[in-house]
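Single-structure report; data block below.
Computed from a prediction, not measured in an experiment: that's the story for all the values here. Counting convention: from 1, in listed order, for ligands and their atoms alike.
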Amino acid sequence: MKIAEFRSHAHELVDWMADYLEHIEQRPVKPAVAPGDILGKLPSLPPVDPEDFHRIFGDFTEIILPGMTHWQHPSFFAYFPANSSPPSILAEMLTATMGAQCMSWATSPAATELEERVMEWLRGMIGLPDTFTGVIEDTASTATLCALLSARERASAYRINADGFPAGGRFTVYCSTEAHSSIEKGVKIAGLGKSSLRTIPVDATYAMNVDALERAIAADLKEGCTPLCVVAAIGTTGSTAIDPLRPIAEICRKHNLWLHVDAAYAGTALLLPEMRWMIDGIELVDSFVFNPHKWMFTNFDCSAYFVADQEALVKTFEILPEYLKTAEGTRVRNYRDWGIQLGRRFRALKLWFVIRTYGVSGLQEMVRTHIELARSFAENVRETADFEILAPVPLATVCFRYHPRGVGDESRLNSLNSALMDRLNAGGRLYLTHTKLGGRVALRLVVGQTQVAQRHVAEAWSLITSTARDL
Ligand SMILES: *Cc1c(COP(=O)(O)O)cnc(C)c1O
C-alpha cells in the first residue's frame with residue numbers, strides 16, 4: 001500500500017470509527033451467531049494475488065462486524081468492562097503508526113521515561129504510598145504471575161531461578177475461594193503446584209475469613225511447608241467482595257509472607273478518596289495490580305503493576321545476553337527486566353492521553369457516576385418484591401436475582417435465572433452475565449461503560465423486570 005493510499009484509507013476509517021461510536025446503540029450488544037458461522041464465511045486459503053482495500057474493508061463490515069460483541073455499547077453490563085475512550089483510541093493510532101518495540105531504554109527512550117512518569121502519576125492518583133514503583137504489564141494475570149515468581153525467588157534467595165526446585169519442602173499460597181482463576185494459573189506456571197494453593201473460606205460478604213487464613217498458615221507450618229504468599233482480592237470477580245487488607249497484611253508480616261493485592265477491576269475506584277478505605281494497610285503490601293483496561297477508559301491491554309521492592313522484581317527477571325547490551329547499562333530502566341516478555345508495546349502513551357484529556361477530576365466524576373448508577377439500580381432491586389440482592393454493592397457491580405413469590409426451591413430459582421439471562425442476552429438490547437454465590441445463580445450487572453447514562457440503566461431494569469414476568 002502506497003503512503004498516498006494509506007492516507008486516504010485512514011481518513012475514511014477515522015470517519016467510520018466516529019460513526020461507529022456515535023451510532024453504536026443501534027447495534028445488538030451481542031451478535032446472533034452460532035459457532036462456526038464466521039469461519040464458514042472465510043476462505044480456507046489466503047489470497048495469492050493482492051486484494052483491493054475496499055474489498056477487504058467490505059468484508060470487515062459484512063462478515064466480521066456482525067459477529068462481534070460490542071464491548072463499547074453503553075448497554076454492555078457483562079463481565080467487567082473493557083472500556084475505551086476517544087483519547088485512548090487516538091493514542092493507539094499513533095502507537096501503531098510508530099510501531100516501536102519498547103523492550104529497553106535504548107529501543108524507545110521516550111516510551112520508557114513516559115512509562116516511568118505516568119506510573120508515578122497513577123500511583124498518586126489511586127493513593128498508593130510513594131515507596132511503590134510501577135510498570136505496565138499486559139494483563140493482571142501476568143502481573144500476578146510476576147508477583148508469585150518474585151515471592152518464590154526472594155524466599156529462596158534466588159536459588160530456584162538458578163538451580164530449580166530443591167528436593168522436598170513445599171511453598172504454599174493462599175487466596176479466598178472467591179479469588180480469580182489467574183491465581184491458580186499463576187501457581188501452576190510458577191511450578192508451585194496446584195495442590196499448594198489453599199483456598200480460604202469467605203464470610204457472609206464473600207470476603208476472606210482472616211481467622212481461617214491464620215489457621216491454614218499454622219497448619220501448613222506444622223506440616224513442614226513454607227507459607228510463601230497471600231493474594232488478597234480487592235474486588236472479587238464474582239461479587240466485588242473486599243478482603244480485609246490490614247489484618248491479612250499483619251498476618252503476612254508476622255509469618256514473613258509476600259502479600260499481593262489483586263484489584264484488577266476495583267483499583268480504578270481508588271481514584272475516589274472516599275473509596276480508599278478498601279486499601280487500609282496498603283503500606284504493608286508487597287505488590288498491587290489493577291487494570292486501567294477494565295474501568296479506566298484505556299483500551300485493552302494495560303495493566304498497572306506496583307511493587308514495594310523493585311529489586312526483587314528485577315532480580316527475578318533480569319537477563320543480559322550480549323546482543324541486548326547497551327551503552328547506558330544500568331543507568332536507565334530496561335523494562336524487559338520488569339516482567340515476562342522481552343518485546344513490549346508502547347502502552348504508556350494511551351494512559352497519558354487519557355489522564356490528560358479527562359484530568360483526574362474528570363476520571364473521578366465518571367467513576368463516581370457509575371457507582372451512583374449501580375447503587376440506584378440496586379435500590380430498585382431492593383424495593384421490588386419479586387427480586388433480591390445477593391451480595392453487598394461496594395462498587396458498580398450488582399449481584400441480584402429474580403425470586404417470584406412462592407418459588408422456594410433453589411435449583412428451580414437457578415434455572416429460572418439462567419433462563420432469564422439467556423432470554424435477555426438473545427434480545428441484543430443489553431448484555432449481562434452471571435456468577436454463583438453460595439450455590440445460587442446471581443445475575444451480575446456492571447455499570448462501567450464510557451458512554452453509559454442513567455437511561456441505559458433504567459432501560460435495563462425495565463427490560464429485566466418485564467422479561468422476568470413473561471417467563
Ligand atoms: C479481570 C480480573 C483478572 C484478570 O484480568 P486480566 O487482565 O484479564 O488477566 C484478575 N483478577 C480479577 C479480580 C479480575 O477481576
Test: Lys294 cationic atom under 6.0 Å from Phe80 six-membered ring centre, within 45° of axis:
no
For the residue pair Thr144 / His260, report whether a side-chain donor-acceptor contact shorter than 3.5 Å exists.
yes
Can a side-chain donor-acceptor contact be found between Arg401 and Asn414 if the only test is distance below 3.5 angstrom?
no
Test item, [X] contacting ligand 1 (heavy atom, 4.0 angstrom):
| X | result |
| --- | --- |
| Ser182 | yes |
| Ser303 | no |
| Thr236 | no |

Show your reasoning for whether salt bridge (Lys or Arg N to Asp or Glu O under 4.0 Å) applies to Lys436 and Glu178.
CA-CA 10 Å; Lys436 262 194 177 173; Glu178 291 290 316; over 6 Å; no
For a side chain to side chain donor-acceptor pair (under 3.5 Å) with Arg117, tell me which candidate from Glu115, Glu113, Glu120 qualifies.
Glu120
Just one of Arg429, Glu25, His73 clears the side chain to side chain donor-acceptor pair (under 3.5 Å) bar with His456, so which one?
Glu25
Would you mind running through ligand 1 and noting each atom that sits below 4.0 Å from a heavy atom of [X]?
| X | answer |
| --- | --- |
| His293 | 7 (O) |
| Thr139 | 6 (P), 7 (O), 9 (O) |
| Gly235 | 13 (C) |
| Phe80 | 15 (O) |
| Asn291 | 5 (O), 6 (P), 7 (O) |

Return yes or no for this condition: an N or O of Tyr265 is under 3.5 Å from an N or O of ligand 1.
no
Nearest-contact summary for [atom] - protein heavy atom, Å:
| atom | result |
| --- | --- |
| atom 11 (N) of ligand 1 | Asp262 OD2, 2.6 Å |
| atom 4 (C) of ligand 1 | His180 CE1, 3.4 Å |
| atom 9 (O) of ligand 1 | Ser141 OG, 2.5 Å |
| atom 2 (C) of ligand 1 | Lys294 NZ, 2.3 Å |

Sidechain N-carboxylate O distance under 4.0 Å for Asp301, Arg347
yes
Using the side chain to side chain contact (heavy atoms under 4.5 Å, CB included) rule, pick out the option among Val446, Val447, Val452 that qualifies with Gln449.
Val452
Under 6.0 Å between ring centres: does that hold for Phe387 and Trp461?
yes
